[in-house]
Number of protein chains: 2
Amino acid sequence: MTDYLKTIHKSKLFRKVPETDLEPLLEQLDSQLKFYRAGQVAVTAGRRVRRVGLILEGTLNMYEYDFWGREHHIDTLKSGMLLLENNAVSGTVTIHNYTAVESSVILWFNIREILRLDETHTSNTILIQSFMKELARKNLQLYTRLSDLDRMSTKEKLLSFLSKEALRHNSDEFDIPFDRKQLADYLSVERSAMSAELSALARAGYLETRRNHFKLLKPSLRTED
Amino acid sequence: MTDYLKTIHKSKLFRKVPETDLEPLLEQLDSQLKFYRAGQVAVTAGRRVRRVGLILEGTLNMYEYDFWGREHHIDTLKSGMLLLENNAVSGTVTIHNYTAVESSVILWFNIREILRLDETHTSNTILIQSFMKELARKNLQLYTRLSDLDRMSTKEKLLSFLSKEALRHNSDEFDIPFDRKQLADYLSVERSAMSAELSALARAGYLETRRNHFKLLKPSLRTED
DNA sequence: TTCAAGATGTTGGAATTCCAACATCGTTGT
DNA sequence: ACAACGATGTTGGAATTCCAACATCTTGAA
């Protein structure tokens with residue numbers, strides 16, 4: 001564990017815990033390091049979850065099997081991210097599987113331990129604050145993508161995404177963090193069809209784009225061309 | 001406030017707080033009741049959020065405006081549900097608007113107050129537990145829908161949704177909580193096209209359905225017909 | 001029981017999207 | 001400068017979805 005104390009202390013979750021409190025806190029949380037080889041299954045769907053995982057090193061693939069046994073990719077989790085945080089808090093069974101795609105290290109800890117009524121150290125409160133912020137951050141992130149996918153056409157998905165990017169950058173001109181293929185995956189549409197739709201939107205005067213740079217155009221401005 | 005103490009105590013969030021602790025706790029949280037007429041705007045996008053809202057009575061419409069000024073419905077919030085919980089925790093600005101669709105009552109309270117390092121009453125810890133569970137529950141709910149929408153065709157969206165319903169009911173035969181129109185909205189597809197796709201799936205041997213009752217069929221069983 | 005309204009299924013043409021194939025553009029390494 | 005490769009844009013036919021219109025089935029009220 002001591003080998004990874006620095007890494008743990010760099011994570012969003014434990015960053016604000018005073019360095020001297022970290023080791024006893026981890027002990028209180030009944031935490032444990034586990035090492036996974038590339039390809040090794042870390043978590044299988046169907047198990048009741050008690051501990052949260054914090055990825056210290058490596059990358060995990062998060063996926064699920066449907067009723068007909070087909071595998072579906074959900075997300076790729078990288079160093080610094082949590083896993084099973086929701087099931088651990090709510091004490092539910094996970095429907096997801098997790099496999100290491102490269103050699104990985106996970107810190108497992110019992111977050112509910114921190115909520116015990118009789119233990120109220122400062123570092124406990126700090127950890128709870130950080131943990132809640134992580135849950136809230138994830139919620140907002142899921143809401144954002146959900147509102148992009150909750151559209152009936154590629155055009156509307158694009159406009160939804162670009163609208164929020166403009167809001168996020170507080171400007172009608174901005175760079176997006178995706179290339180075309182990544183954007184198509186994010187919106188769950190086919191790359192070349194999306195590319196065609198972007199061209200159509202540009203022709204229609206909604207925007208200008210080149211690579212990952214975008215400029216959105218207001219209808220009122222468009223008519224003044 | 002006293003008029004609504006019973007309602008508050010019935011909510012998921014405050015249910016587990018001892019009844020005698022409730023009123024002082026609400027005071028500690030700097031809480032406040034607000035009343036909204038039908039049609040009245042409760043929250044406008046762009047404001048930094050400090051308090052969480054708990055809907056005690058009524059219904060709110062949650063929506064956003066895109067860059068081009070078009071309004072998009074996000075969700076309909078009913079009695080017992082929280083609003084702005086994520087922005088309040090993370091201290092961020094909300095991009096959503098909320099309007100009362102009928103006469104409504106909201107309890108506003110400062111959840112961060114509960115996380116102050118110097119205040120550690122039992123009821124505080126209980127509230128934090130309930131609040132975290134709500135965040136986690138919402139996260140799981142968003143993940144569920146997201147994985148249904150993250151498909152390229154109506155057929156795949158349906159199979160994803162039905163798979164998880166089967167898992168949830170722990171049975172290949174179950175009732176879904178939607179009628180056809182609601183299901184189409186949930187999956188962001190057109191009702192009649194979805195209806196046609198369901199018929200096609202039934203013909204192809206994936207399932208049997210009548211109204212909101214479904215029975216999923218395994219390929220292996222299908223071939224034995 | 002009958003009727004009316006709502007829910008569901010079906011159909012055909014228009015529009016969109018998928019998909020594969022290929023052209024063009026940009027970047028990187030030599 | 002040039003070649004190679006990856007990213008992006010374009011195109012056409014197949015497949016899917018939208019959309020409107022209508023038929024049929026269910027449910028609840030009279």
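Computed from a prediction, not measured in an experiment: that's the story for all the values here. Quick note: numbers below take in every heavy atom, side chains included, and nothing from hydrogens, waters or symmetry partners.
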Extract all donor-acceptor atom pairs below 3.5 Å that involve side chains of residues 46-53 of chain A and protein atoms in other chains or at least two apart in sequence.
residue: A/R48; atom: NH1; partner: A/G91; partner atom: O; Å: 2.2
residue: A/R51; atom: NH1; partner: A/Q32; partner atom: OE1; Å: 2.6
residue: A/R51; atom: NH2; partner: A/D30; partner atom: O; Å: 2.7
residue: A/R51; atom: NH2; partner: A/D30; partner atom: OD2; Å: 3.4

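The stretch residues 151-165 of chain B comes close to DNA chain D through B/S153, B/T154, each having a heavy atom under 4.0 Å from the strand.
Enclosure of atom NZ in B/K155 is not indicated, since only 12 or fewer non-hydrogen atoms of other residues, nucleotides or ligands lie within 6.0 angstrom. Other residues, nucleotides and ligands contribute more than 12 heavy atoms inside 6.0 Å of the CD atom of A/E71.
Under the side chain to side chain contact (heavy atoms under 4.5 Å, CB included) criterion, A/K10 pairs with no residue, sequence neighbours left out.
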Encode nucleotides 4-14 of chain D as B, S and - characters from 5' to 3', where the letter depends on protein heavy atoms closer than 4.0 Å: B to the base, S only to sugar-phosphate, - to neither.
-> ---SBBBB---

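Using a 30° and 60° split on the angle between ring planes, B/F174 and B/F214 fall in the parallel class, below 30°.
Side-chain contact between A/T99 and A/Q40 is absent, with no heavy atoms from C-beta onward closer than 4.5 Å. B/L83 places none of its side-chain heavy atoms less than 4.5 Å from the side chain of B/L54.
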Is there a side-chain hydrogen bond (donor to acceptor under 3.5 Å, both in side chains) between A/K157 and A/S153 once you walk through the steps?
-> CA-CA 6 Å; A/K157 287 180 178 181; A/S153 69; over 6 Å; no

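Direction of the helix axis in the helix from C/dT1-D/dA30 to C/dT30-D/dA1 shifts by 40° between the two five-pair termini, rounded to 10°.
The list of side chain to side chain donor-acceptor pair (under 3.5 Å) pairs with a residue in residues 191-204 of chain A, not counting sequence neighbours, reads A/E190-A/S192.
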